[in-house]
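Read the structure below first, then the notes.
We use all heavy atoms of the structure for the numbers below, so side chains are in, but hydrogens, waters and symmetry mates are not.
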Amino acid sequence: MRQAALVIVGALGVVVTAGAIRVSWGGSYWVFGAVVGVLSVACAVAGLRWVGFVLAGSAIVVAAVAGLPREPGPATAFALGVVVAVAVRGERIRVAALVVAAGFAVVVGSFVAGGLTTVPALNATGWVVAVGTGLGLRAVDARRRAAREAVRREERLELARELHDVVAHHVTGIVVQAQAAQLVTRRSSAPPSVQDALAGIESAGSEALAAMRRVVGVLRDPGDAGQVAAEPEDLGVLLDRWPGPRVLRDVAVGDWPPEVRSTVYRVVQEALTNVSQHAPSAGSVSVSVAADAELLTVDVTDDGPAGPPRYHRTGYGLVGMRERVESLGGALAAGPRSSGGWSVHATIPLREHRAVDGRPRPADSAAVLRGESAPAPSEAP
């Protein structure tokens, strides 16, 4: 798209400049500038920026020696300005500085050959605008990257806090059972080796809890230190109280690990928020949660009308969803459907979140994912 715009604007510049030179100079003086303009635009489109600078410098010298209209002309200046702006925005500092210096050299050469006239002044103005535009876009990109990284980091920290609370719950249970078993073995005169083993389990569990609290304590904000991560509400409750379009649900229930349940809840919650904000005229939303022994799949689709992209550049809900899903070894995709509407599709492998013996890990609280199956399951994206 950017290259097409460059070609169109460059072609218009060549045509307008050639017409103006033909009127003011007469004859075929316009040919040289037109050829240089076309070649400069071609170099910019092809990414041959250094060739473009050499071409512009050579054109300045030839035009001055042969008595032709001053170079670089508007089309060439525009092409070089685009090259400078793109380099300043996206290249490393050293490369960007070299490109800026090359553009400045062309501006200086234009003044040397043409003096304080209109053409050199226009070239200088174009160079300043290009550098300023590139720096502005570079700053915007840097802020955007920082914001996305902050979202990813916050999502990772939130998941780490949840995992800490879940693991602490189960390890505490192990310690309590080991203590109870020691009391039983003392009353039943069990061999000392059994009592020593149980005491070792209790000691190791207590040390693990203390070490985990010390390490994960740095992940907590001062305001939530000592608090337990809240278990997400029932997914069925979320769907029931959602004020948006009618929900068609096909939600499986399973004893999945807490981090998987909370991730499924967050994905559905963010997808529904997206529908509320960007597709309020949708007639219905389909929510599907399905799982087998290997994979859990979440699909949220709506039938909203086609429109602009749902996730604008200032929103980072999709970034947070993807970070949470990928931290569990899964994948997330979001985009428009060919039949209309929008689709959010997430997959989470379950094998990585099961115990060593292959059995599901026990849930530490009521299952998050409940909901009556709808007669009509959601449409696959």
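With rounding to the nearest 0.5 Å, the separation of CZ in Arg322 from OG in Ser327 is 13.0 Å. A distance of 9.5 Å separates OG of Ser28 from CZ of Arg22, quoted to the nearest 0.5 Å. Interatomic distance, Met321 CE to Thr273 OG1, rounded to the nearest 0.5 Å: 9.0 Å. Here CG of Leu238 is found 4.5 Å from OH of Tyr265. Values are rounded to the nearest 0.5 Å. Taken to the nearest 0.5 Å, the OG1 atom of Thr263 stands 5.0 Å off from the CD1 atom of Ile348. If you take CG on Asp292 and CG on Leu350, they are separated by 7.5 Å, rounding to the nearest 0.5 Å.
Closest approach of Ala18 and Trp30 over heavy atoms only: O-CB, 3.5 Å. Contact between Trp256 and Ala291 at its shortest, heavy atoms only, is CZ2-CB, 3.5 Å. Minimum heavy-atom separation, Val41 to Val7: CG1-CA, 4.2 Å. Taking each heavy atom of Val267 and Ala346 in turn, the nearest pair found is CG1-CB, 4.3 Å. In terms of heavy-atom proximity, Val251 sits nearest to Val287 at CG2-O, 4.2 Å. Heavy atoms only, all atoms of each residue included: Pro120 and Ser110 are closest at CA-OG, 3.3 Å.
A donor-acceptor pair under 3.5 Å is formed between the side chain of Trp127 and the backbone N or O of Val100. Distance alone, capped at 3.5 Å, is enough to place a donor-acceptor pair between the Asp303 side chain and the Gly283 backbone. Checking side-chain atoms of Ser203 against main-chain N and O of Ala199 turns up no donor-acceptor pair under 3.5 Å. Of the possible donor and acceptor atoms, none in the side chain of Asn123 sits under 3.5 Å from a partner among the backbone N and O of Val106. Under the 3.5 Å distance criterion, the side-chain polar atoms of Arg337 are matched with a main-chain donor or acceptor of Asp302.
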Full working for side chain to side chain contact (heavy atoms under 4.5 Å, CB included) between Phe32 and Ile21
CA-CA 11 Å; Phe32 179 74; Ile21 292 176; over 6 Å; no
List the steps and the verdict of side chain to side chain contact (heavy atoms under 4.5 Å, CB included) for Phe53 and Leu80.
CA-CA 7 Å; Phe53 286 123; Leu80 296 182; 3.9 Å; yes
Show, in sequence, the C-alpha distance, side-chain angles and deciding distance for Arg70 and Leu122, and conclude whether the side chain to side chain contact (heavy atoms under 4.5 Å, CB included) test is met.
CA-CA 11 Å; Arg70 299 303 181 191; Leu122 289 177; over 6 Å; no
Would Leu272 and Leu239 count as a side chain to side chain contact (heavy atoms under 4.5 Å, CB included) here? Give the steps.
CA-CA 9 Å; Leu272 293 178; Leu239 299 179; 3.8 Å; yes
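Taken together through direct or relayed side-chain contacts under 4.5 Å among Ile, Leu, Val, Met, Phe, Trp and Tyr, Val16 and Ile8 form parts of separate hydrophobic clusters. Linking ILVMFWY residues whenever their side-chain heavy atoms come closer than 4.5 Å, directly or via other members, leaves Val45 and Trp50 in distinct clusters. Val82 and Val36 are members of different hydrophobic clusters when ILVMFWY side chains are connected at heavy-atom separations under 4.5 Å. No single ILVMFWY cluster, assembled from side-chain heavy atoms under 4.5 Å apart, contains both Leu48 and Val99. Residues Val23 and Val15 are members of separate hydrophobic clusters, defined by side-chain heavy-atom contacts under 4.5 angstrom among Ile, Leu, Val, Met, Phe, Trp and Tyr.
One finds no salt bridge joining Arg138 and Asp141 here, because no Lys/Arg side-chain nitrogen approaches an Asp/Glu carboxylate oxygen to under 4.0 Å. Of the charged side-chain nitrogens involved, none lies within less than 4.0 Å of a carboxylate oxygen, so that Arg324 and Glu270 do not count as a salt-bridged pair.
The shortest distance between side-chain heavy atoms of Leu55 and Glu71 does not fall below 4.5 Å. For the pair Arg261/Leu235, no side-chain contact is recorded, criterion being any heavy-atom separation below 4.5 Å from C-beta on. Contact of the Arg49 side chain with the Val95 side chain is registered, since non-hydrogen atoms from C-beta on lie closer than 4.5 Å.
Within a 6.0 Å sphere centred on OH of Tyr29, heavy atoms belonging to other residues, nucleotides or ligands number 12 at most.
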